[in-house]
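Let me begin by presenting the structure, written as structure tokens, before commenting on it.
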Amino acid sequence: MQEAKLLHSRIIVSGLHHQDIYLRQIITSLTTTPNPSSLLHAHRLFDHIPHPSTYIYNTMFRAYASSPYPHQALELYHHMHVHGPLPDNYTFPFLLKACSSLGDIRRGEIVHGQAFKHGFGYDVFVQNSLIILYGASCRVKMARRVFDEMGFRDIASWTSLVTCYANGRSIESARRVFDRMPERSVVSYSAMIAGYVRRSRFKEAVVLFRDMMVAKMEPNDSTIMSVLCACANLGDTNMGKWLHSFLSRKTKNQFDSRITTALIDMYFKCGSIKKALKVFEGAKEKHVGEWTAMLSGLAMHGLGTQLIEAFEEMISSGVKPNGVTFVALLSGCTHSGLVNEGMRYFDRMTSDFGIEPNIVHFGCVVDLLGRAGFIEQAVHFIRDMPVKANAAIWGALLSACRVYKNVEVGELAASWLINDEPWNGALYMVLLGLYRDAGRWDEVERVKEEMKKVGCRKSPGCSLIEVDGICREFVVGDKSHPLTFEACSTLASIISEFEN
DNA sequence: CTAGGGTTAG
């Protein structure tokens with residue numbers, strides 16, 4: 001910022017001669033730092049320029065398009081349209097990107113019309129941006145039409161189409177497009193892998209990543225982040241460790257903040273608490289993301305006391321928590337039975353940290369109270385919430401009712417849930433269990449018939465584990481493994497040890 | 001100076 005101010009004064013001193021050179025530097029430096037205040041500063045500078053060049057306009061468009069205020073890009077274009085220089089081929093991709101982030105197809109089409117008027121309607125970059133625009137608003141057919149009508153397509157055109165399908169209904173269609181690509185870049189692979197991860201198709205993501213390595217493509221941070229997420233969900237420690245050492249080889253243990261976050265999460269989800277802690281300790285800077293991954297990891301391992309200690313350490317080190325941090329903190333308190341602590345943190349969330357709780361936080365509190373058996377308090381809490389309860393909240397309440405055999409409240413929660421999500425098979429199973437445990441056999445039959453009538457089924461629960469480098473997948477009631485009997489008897493003895 | 005990919009929660 002100091003440097004920017006210095007440059008600003010040099011512009012004033014040197015007159016308008018070199019305005020473009022200096023302004024390009026200053027505005028670029030201000031707009032590439034992801035900071036809303038520097039963007040504001042850049043705009044203030046921009047306002048002082050008597051006749052900004054198209055280039056300078058474009059720099060502002062680019063900055064706004066990928067900022068939290070894409071609308072500003074369109075406002076500024078309006079100003080350019082009235083007072084400014086003519087737009088060039090760089091202008092419209094930025095503006096279309098702004099429309100994509102807004103999800104505003106109508107304005108995007110107006111911008112496209114403008115592009116035509118200035119002779120850039122058939123520009124590849126413009127058309128690629130159009131594909132992304134339609135894709136971002138789930139208009140896959142329109143995106144396809146633009147793609148089909150293009151006279152010339154580059155890798156980005158194909159990749160954009162892959163992204164459209166991957167975000168849309170069919171990941172298989174995305175893969176078909178991907179397979180038909182004349183050539184693929186790292187980004188093409190990353191887009192497809194990210195698509196698999198978003199649809200929870202983690203195995204396919206890892207398989208494609210292996211293909212990518214065979215094709216001698218160098219993965220970048222974005223690729224690795226997606227694959228780390230897949231490893232975390234698969235419990236694929238081997239691949240996770242391999243990615244970790246790959247990163248170390250490349251950057252000597254100084255990772256990008258988001259990579260560090262993803263690594264911590266991966267190790268926790270794969271059960272390596274020690275390695276997760278080591279990555280965390282080794283991070284040169286600990287932002288809110290690293291801390292939150294740390295806290296949620298401690299939460300998922302039931303380490304409530306350490307979680308609270310870590311949270312307090314985070315606060316005293318001057319890092320500000322965000323909404324996600326509190327989800328980790330609250331859910332950690334829930335799983336360690338720390339009801340009072342959890343409730344106190346929920347109160348402090350607004351009073352001490354100025355974070356407005358959202359529906360997810362309310363859900364955490366319902367879960368916190370419910371799992372501890374405070375069903376009535378949970379009901380009161382739901383009634384007093386400033387927002388309408390959603391399926392997650394009724395689900396948490398229903399589960400608690402099943403555990404504590406509260407049929408009355410359970411029925412209430414279930415009726416709301418059935419209203420919201422009639423296709424949700426899991427909810428019928430919980431309700432069924434509630435009636436069964438309460439010995440209400442006539443009701444059990446009624447629920448079963450209701451399930452048949454609605455035609456919903458609960459897909460059997462499944463999980464997987466990696467042992468000695470071999471990944472095993474199993475479903476509820478699975479007896480196919482030769483050591484099933486031994487495993488069950490060992491488990492039974494562990495459980496009886498807990499109970500005694 | 002343009003387009004394409006991305007983490008932490010339940």
Side-chain angles (χ1 to χ4, degrees), chain A residues 20 24-25 27-28 31-32 53-63 65 88-97 100 120 123-133 135 153-164 166-167 181 184-195 197-198 219-229 232 255-266 268-269 287-297 299-300 321-332 334-335 358-364 366-367 390-393 395-396:
Chain A
D20 256 35
R24 195 170 66 200
Q25 280 181 36
I27 291 180
T28 305
T31 54
T32 45
S53 66
T54 305
Y55 183 99
I56 298 282
Y57 266 104
N58 288 345
T59 308
M60 290 303 297
F61 293 148
R62 184 185 54 176
D88 62 10
N89 55 319
Y90 293 97
T91 307
F92 297 104
F94 293 138
L95 294 178
L96 287 168
K97 190 182 178 185
S100 308
F120 304 114
D123 184 280
V124 203
F125 291 96
V126 170
Q127 289 181 306
N128 289 349
S129 306
L130 214 55
I131 295 175
I132 296 152
L133 170 74
R153 306 179 188 106
D154 61 9
I155 300 187
S157 324
W158 285 89
T159 307
S160 305
L161 194 66
V162 168
T163 310
C164 285
N167 289 334
M181 287 179 76
R184 299 169 194 90
S185 67
V186 189
V187 185
S188 322
Y189 275 98
S190 300
M192 193 64 229
I193 292 170
V197 170
R198 218 173 306 130
N220 58 23
D221 279 5
S222 176
T223 327
I224 289 175
M225 222 131 70
S226 294
V227 186
L228 278 174
C229 179
F255 313 130
D256 173 271
S257 165
R258 285 125 111 196
I259 285 281
T260 311
T261 304
L263 269 175
I264 295 168
D265 183 57
M266 183 276 294
F268 269 125
K269 287 195 174 132
H287 308 90
V288 64
E290 286 89 325
W291 277 105
T292 302
M294 180 71 196
L295 297 175
S296 69
M300 75 180 80
N322 62 24
V324 185
T325 315
F326 274 92
V327 176
L329 186 58
L330 294 173
S331 72
T334 300
H335 295 299
N358 64 31
I359 189 95
V360 179
H361 300 109
F362 294 129
C364 287
V366 172
D367 208 25
N390 64 6
I393 288 185

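In the text below, chain A, chain B and the rest are named by the order of the sequence lines, each starting its count at 1.
When the C1' atom of B:dC1 is taken as reference, atom CE of A:Met60 falls 14 Å away, rounded to whole Å. A:Leu133 has its CG atom 14 Å from the P atom of B:dA3, to the nearest Å. Atom CG in A:Leu161 sits about 14 Å away from atom C1' in B:dA3, given to the nearest Å. Following rounding to the nearest Å, A:Arg153 (CZ) and B:dA3 (C1') show an atom-to-atom distance of 16 Å. When the C1' atom of B:dG4 is taken as reference, atom CE of A:Met192 falls 14 Å away, rounded to whole Å. Rounded to an integer number of Å, the gap from A:Arg62 CZ to B:dG4 P is 13 Å. Distance, A:Leu96 CG to B:dA3 C1': 10 Å, rounded to whole Å. Across the protein-nucleic acid pair, A:Asn58 atom CG and B:dC1 atom P stand 12 Å apart, rounded to whole Å.
Residues satisfying the salt bridge (charged side-chain N to carboxylate O under 4.0 Å, His left out) criterion with A:Lys269, sequence neighbours excluded, are A:Asp265. By the side-chain hydrogen bond (donor to acceptor under 3.5 Å, both in side chains) test, A:Ser157 pairs with A:Asn128, A:Asp154, sequence neighbours left out.
No contact: A:Ile224 has no heavy atom under 4.0 Å from any strand. Residue contacts shown for A:Ser185 include a base, since a base heavy atom lies under 4.0 Å away. A:Asp154 comes within 4.0 angstrom of a nucleotide base, judged by non-hydrogen atoms across all strands.
Stacking between A:Tyr55 and the base of B:dC1 is absent under the criterion of ring centres within 5.5 Å and planes under 30 degrees. An aromatic stacking contact between A:Tyr90 and the base of B:dT2 is absent, as defined here by ring centres under 5.5 Å apart and ring planes under 30° from parallel.
The minimum heavy-atom distance between A:Ser100 and A:Ser129, with the atom names listed, is OG-O, 4.3 Å.
Panel note: side chain A:His335, backbone A:Gly332; no donor-acceptor pair is recorded below 3.5 Å. Under the 3.5 Å distance criterion, the side-chain polar atoms of A:Asn358 are matched with a main-chain donor or acceptor of A:His361.
The base of B:dG4 lies outside donor-acceptor range of the side chain of A:Ser157, with no N or O pair under 3.5 Å.
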Between the protein and nucleotides 6-10 of chain B, are there any N/O to N/O pairs under 3.5 Å, and if so, what are the atom names and distances?
residue	atom	partner	partner atom	Å
B:dG6	OP1	A:Arg198	NH2	2.3
B:dG6	O4'	A:Ser222	OG	3.3
B:dG10	OP1	A:Ser331	OG	2.9

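For the 3.5 Å distance criterion, the side chains of A:Asp367 and A:Thr334 fail to qualify, holding no donor opposite an acceptor. Remark: the A:Ser190 side chain and the A:Ser222 side chain contain no N/O donor-acceptor pair separated by less than 3.5 Å.
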